[in-house]
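Working notes, beginning with the structure itself.
For reference, positions follow the sequence shown, starting with 1. As the structure lists them, so they are numbered: ligands from 1, and atoms in each ligand from 1.
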Amino acid sequence: MNFKNYIKPIVFVIITSCLAQKQKPSDVNYTILIHGGAGDIKKKMLTNAQEEAYSQKLEEALKIGEKHLKNGGTAVETVERVIKVLEDSPLFNAGKGAVFNHLGYQEMDASIMNGKTLQCGAVAGVTNLKNPIQGARIVMDSTKHVFLYGKRGQEFCIQKGATYADSAYFYTDKRWGQYQKAVKKNLILLDHSVGKEKKAFKKMGTVGCVVLDAYGNLAAGTSTGGLVNKKHGRIGDSPIIGAGTYANNASCAVSCTGVGEYFIRGTIARDVAAKMEYGKLNLKKSSIKILQKLIQLKGRGGFIAVDKKGNYQMQFTTKGMFRGVANSNGLLEVKMYR
Ligand code: ASP
């Protein structure tokens with residue numbers, strides 16, 4: 001038998017199996033980051049059970065995101081899906097378990113942005129969208145606008161398929177207790193306490209997600225109940241594109257958490273991207289510069305960011321930030337403390 005006769009089929013088998021390998025969903029490149037708020041998060045202020053609960057939920061959210069990305073899901077879809085998981089958990093100040101405003105209502109804000117198209121959507125002051133991030137996505141996909149607010153905005157989202165939830169759904173005793181305390185002390189609580197009450201565990205519980213998907217596209221999203229005892233009608237940075245959320249394939253995707261007013265004044269999310277676009281800094285240098293700017297502004301909080309190459313940053317001015325990252329190289333990490 002001539003050896004040459006074997007060569008062709010062998011080469012064919014090698015090439016086709018290589019191609020098949022390449023297309024295996026588990027081989028797609030992706031990076032996903034999440035946050036669950038920043039604040040005075042220190043080890044001694046969390047019980048083991050609380051630490052476990054936060055870790056588990058963050059890990060669950062990351063794994064759901066990863067699964068979606070491995071199956072070919074887009075960055076935008078993944079951001080929405082992952083934020084929904086965190087909104088559905090009463091642990092965080094978003095969706096179920098959102099904080100109460102001065103009048104005792106839960107008014108929620110959210111936004112989402114597609115880094116490929118620069119399309120974006122946001123809702124603010126909504127009270128009955130089970131998942132405010134779903135409302136933001138509907139605004140992005142089903143309107144020519146970027147931002148809808150209040151009852152009318154909410155009505156539109158529900159007409160377009162957003163899930164309605166009664167006020168009772170969002171209520172938790174923990175948040176009600178924080179609100180009562182804040183009202184008594186006449187404070188707008190930039191921080192709020194959970195956990196061991198003697199040593200108040202001060203944190204913010206906004207949630208956010210940034211993603212680089214297998215198609216090389218970026219997306220970002222953020223969702224929050226805002227600040228405890230905030231002025232009714234107050235809108236924070238989370239739904240404001242450029243302040244709390246920003247994504248652009250030309251630079252990076254960013255989601256912020258912290259005292260919103262500072263992030264609005266400093267256009268923090270957009271600045272991280274702008275330093276890369278105009279200043280030609282890499283993600284790390286840009287993130288450090290903008291964190292310094294936030295500190296100069298006396299802002300409290302942090303942000304997560306990812307670029308087109310899968311480089312990522314998790315920066316904060318506070319003692320801690322609930323955060324996590326996973327990527328296609330097998331990294332899966334959840335952290336809380338500095
Ligand atoms: N940034 C949010 C706001 O000011 C709060 C937070 O991140 O915890 O509404």
*Test Asn131 against Glu87 for side chain to side chain donor-acceptor pair (under 3.5 Å), laying out the working first.*
CA-CA 6 Å; Asn131 294 105; Glu87 286 177 337; 2.9 Å; yes

*asked:* Could you check whether Phe92 and Tyr54 have their ring centres less than 6.0 Å apart?
replied: yes

*State the atoms of ligand 1, each with its element, that fall below the 4.0 Å cut-off from a heavy-atom position in Thr257.*
6 (C), 7 (O), 8 (O)

*Any idea which atoms of ligand 1 are less than 4.0 Å away from a heavy-atom of Ser238?*
1 (N), 2 (C)

*Is there at least one pair of N or O atoms, one from Asn93 and one from ligand 1, spaced under 3.5 Å apart?*
no

_Could you report the tightest heavy-atom contact between Phe316 and Tyr337, atom names first, then the distance?_
CZ-O, 4.4 Å

*Can you tell which of Gly226, Gly258, Ser255, Gly260 gets a heavy atom nearest to atom 2 (C) of ligand 1?*
Gly258

*asked:* I'd like to know if Gly244 contacts ligand 1, where contact means a heavy-atom distance under 4.0 Å to any ligand atom.
replied: no

*Should Thr224 be counted as touching ligand 1, given the test is an N or O pair under 3.5 Å?*
no

*Going by distance alone, is a donor N or O of one side chain under 3.5 Å from an acceptor N or O of the other, for Glu107 and His232?*
no

*If we only count N/O pairs under 3.5 Å, is Glu261 in contact with ligand 1?*
no

*Do Arg234 and ligand 1 have an N or O pair less than 3.5 Å apart?*
yes

*asked:* Side chain, backbone, both or neither: which applies to Met321 and ligand 1 if a contact is any heavy-atom pair less than 4.0 Å apart?
replied: neither

_Connected via hydrophobic side-chain network under 4.5 Å: Tyr246 and Leu33_ = no

*With heavy atoms of Thr206 as the reference, note each atom of ligand 1 found under 4.0 Å away.*
2 (C), 5 (C), 6 (C), 7 (O), 8 (O)

*Cluster link Val254 to Ile241, ILVMFWY, side chain under 4.5 Å*: no

*Under a 4.0 Å N-O cut-off, is there an ion pair linking Lys57 with Glu52?*
no

*Judged by modelled atom types alone, do Thr206 and Thr224 share a side-chain donor-acceptor pair under 3.5 Å?*
yes

_Region of Cys256 that comes within reach of ligand 1 [heavy atoms, distance under 4.0 Å]_ = neither

*Please could you name the atoms of ligand 1 that Asp237 approaches to less than 4.0 Å, counting only its heavy atoms?*
1 (N), 2 (C), 3 (C), 4 (O)

